[in-house]
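Notes follow the structure.
Ligands are counted one by one from 1 in listed order, and the atoms in each one are counted from 1 as well. Count residues from 1 along the sequence.
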Amino acid sequence: MRVTTDSPSPRHVPVVVVGAGPAGLTVGNILRAASVDCVVLEAESREFIERRPRAGVIEEGAVRSLQRRGLADNLSKRAQRHSSCEFRFGGERYRFPYTDLTGRHHWVYPQPLLVADLAHEYVDVRGGDARFSVRDVALHDLDTARPSVTYTCPDTGELRSLTCDFVVGADGPRGAARAALPTAHARIARHDYGIGWLALLAEAPPSSDCVLFGVHPNGFAGHMARSPGVTRYYLQCPPGDDPENWSPDRVWSELHQRLEGADAPALTEGPLTEKRVLDMHDYVVEPMTYGRLFLAGDSAHLVAPIAAKGMNLALHDAFLLGDALVAYLDGDDGTGLDGYSEACLRRAWDYQEFSQWLSEVFHGAASGDPFRAGTTFARLRRLFTSPAAAAAFAEQYLGASERY
Ligand SMILES: Cc1cc2nc3c(=O)[nH]c(=O)nc-3n(C[C@H](O)[C@H](O)[C@H](O)COP(=O)(O)OP(=O)(O)OC[C@H]3O[C@@H](n4cnc5c(N)ncnc54)[C@H](O)[C@@H]3O)c2cc1C
């Protein structure tokens with residue numbers, strides 16, 4: 001096949017970003033704000049990525065960093081501020097007021113809205129070059145000073161090539177960037193929880209003003225507001241379960257049971273617009289760099305959505321990487337790029353550990369093992385009897401530690 005350059009766009013750009021998720025678009029925006037040229041390559045269409053539902057809970061630190069970079073105008077106007085969460089177990093309700101303990105809170109803002117805001121700012125406001133619906137993205141010569149990225153143009157079917165100084169691999173868990181790492185170079189540590197979550201979106205208003213965690217012998221259930229008319233629910237299920245095994249009647253019956261709590265208002269039901277099974281697993285790639293390739297977000301570390309941490313980690317990587325690339329291309333000594341992987345991994349491992357801890361709280365009661373169920377309830381009770389345990393939980397849940 002004939003390989004062409006991207007005329008009239010430049011054949012060489014300082015940075016090629018693979019993936020237009022929260023990580024890739026944030027890096028792109030930081031680069032454009034510093035007038036650094038870059039190209040963002042995305043396998044899906046712009047319409048698709050602006051509608052793809054996923055995360056919703058964003059840490060205060062991430063929101064402040066977005067605000068400082070002029071990337072949170074809509075979020076600041078529309079996001080809901082949350083100051084507590086509620087555990088339900090043994091038919092009782094236990095409210096956990098994390099803002100009272102830390103002075104910090106969570107924001108709820110659906111990921112597709114954030115992605116749409118970031119894409120708008122990058123393409124329409126900052127004049128960034130983004131190429132959507134590209135195919136066959138491949139990374140080359142990453143261990144040289146002049147790597148390149150090839151892809152198939154969706155309109156012409158031609159193979160295109162861009163050379164660059166740096167490649168940002170922000171293309172998620174199944175992208176091309178992580179696959180380009182030589183196996184001898186990177187260590188990939190994996191953890192499989194051996195459970196599934198049925199992830200649901202309901203066209204129904206939230207039934208509580210906070211996130212609900214139901215710890216029940218039938219399995220975990222979660223309730224998370226997304227917007228005034230949409231609520232995300234989770235139900236623990238066997239890994240690999242078929243979503244078709246979950247009729248709306250079965251879904252709502254299990255949600256009512258697992259989220260039962262004394263005097264709690266009944267859940268408001270509505271049509272289910274998303275129903276898919278997530279097999280809960282984590283991984284971490286170490287180091288997150290290879291030659292001129294820098295991984296960011298889910299391509300480098302996947303954290304199961306147990307503690308709502310994945311997008312927060314992706315944004316954190318993007319802030320560090322965007323700033324370090326700008327500083328390097330502006331003539332600094334490369335310290336930021338050299339320390340990038342280690343700085344990101346410290347936080348990534350901390351969040352992985354918290355997710356593992358929380359997983360035991362959520363799932364131990366339904367394990368069928370009375371010993372695990374006993375320790376699960378001991379962990380839960382400790383949160384409501386020990387101020388020190390409550391403070392530690394709040395700090396981890398909010399990602400509010402001063403240092404990682
Ligand atoms: C149901 C669910 C709920 C979640 N809830 C939360 C939450 O509340 N809080 C939280 O912090 N996190 C949450 N997460 C995790 C969060 O959604 C991810 O961590 C986040 O999307 C990671 O962002 P990213 O930019 O690294 O990757 P992605 O968002 O996956 O973006 C990668 C992009 O790369 C593109 N791509 C893939 N392959 C290629 C290729 N070969 N070439 C070019 N482009 C490619 C993809 O189409 C995609 O647009 C949740 C996840 C799920 C599934």
- Task: Take Tyr98 and Phe393 through the ring pair (Phe, Tyr, Trp, His ring centres under 6.0 Å) test and state the conclusion after the steps.
- Result: CA-CA 9 Å; Tyr98 47 73; Phe393 173 81; 8.4 Å; no
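The aromatic rings of His223 and Tyr233 stand perpendicular to each other, their planes meeting at an angle above 60°, with 30° marking the opposite boundary. Ring geometry for Phe213 against Phe362 counts as tilted: the plane angle lies between 30° and 60°, on a 0 to 90° scale.
Residues passing the salt bridge (Lys or Arg N to Asp or Glu O under 4.0 Å) test with Arg104 are Glu60, sequence neighbours excluded.
In this structure, CG on Asp209 lies 7.5 Å from OG on Ser83, to the nearest 0.5 angstrom.
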Inventory of protein N or O atoms under 3.5 Å from ligand 1 N or O:
unit_1, atom_1, unit_2, atom_2, d
ligand 1, 8 (O), Gly56, N, 3.2
ligand 1, 8 (O), Val57, N, 3.2
ligand 1, 9 (N), Val57, O, 3.2
ligand 1, 9 (N), Ala308, O, 3.3
ligand 1, 11 (O), Ala308, O, 3.2
ligand 1, 11 (O), Gly310, N, 3.4
ligand 1, 11 (O), Met311, N, 2.8
ligand 1, 11 (O), Asn312, N, 3.1
ligand 1, 11 (O), Asn312, ND2, 3.0
ligand 1, 12 (N), Gly310, N, 3.4
ligand 1, 12 (N), Met311, N, 2.9
ligand 1, 17 (O), Gln111, OE1, 2.8
ligand 1, 19 (O), Asp298, OD1, 2.8
ligand 1, 19 (O), Asp298, OD2, 3.2
ligand 1, 19 (O), Gly310, O, 3.4
ligand 1, 19 (O), Met311, N, 3.2
ligand 1, 21 (O), Arg54, NH1, 3.3
ligand 1, 21 (O), Gln111, NE2, 2.8
ligand 1, 25 (O), Pro22, N, 3.2
ligand 1, 25 (O), Ala23, N, 2.9
ligand 1, 26 (O), Asp298, N, 2.8
ligand 1, 29 (O), Arg54, NH1, 3.0
ligand 1, 30 (O), Arg54, NH1, 2.9
ligand 1, 44 (N), Ala43, N, 3.1
ligand 1, 47 (O), Glu42, OE2, 2.6
ligand 1, 47 (O), Arg52, NH1, 3.3
ligand 1, 49 (O), Glu42, OE1, 2.7
ligand 1, 49 (O), Glu42, OE2, 3.2
ligand 1, 49 (O), Arg52, NH2, 2.6

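Remark: Glu86 engages Arg88 in a salt bridge, criterion side-chain N to carboxylate O under 4.0 Å.
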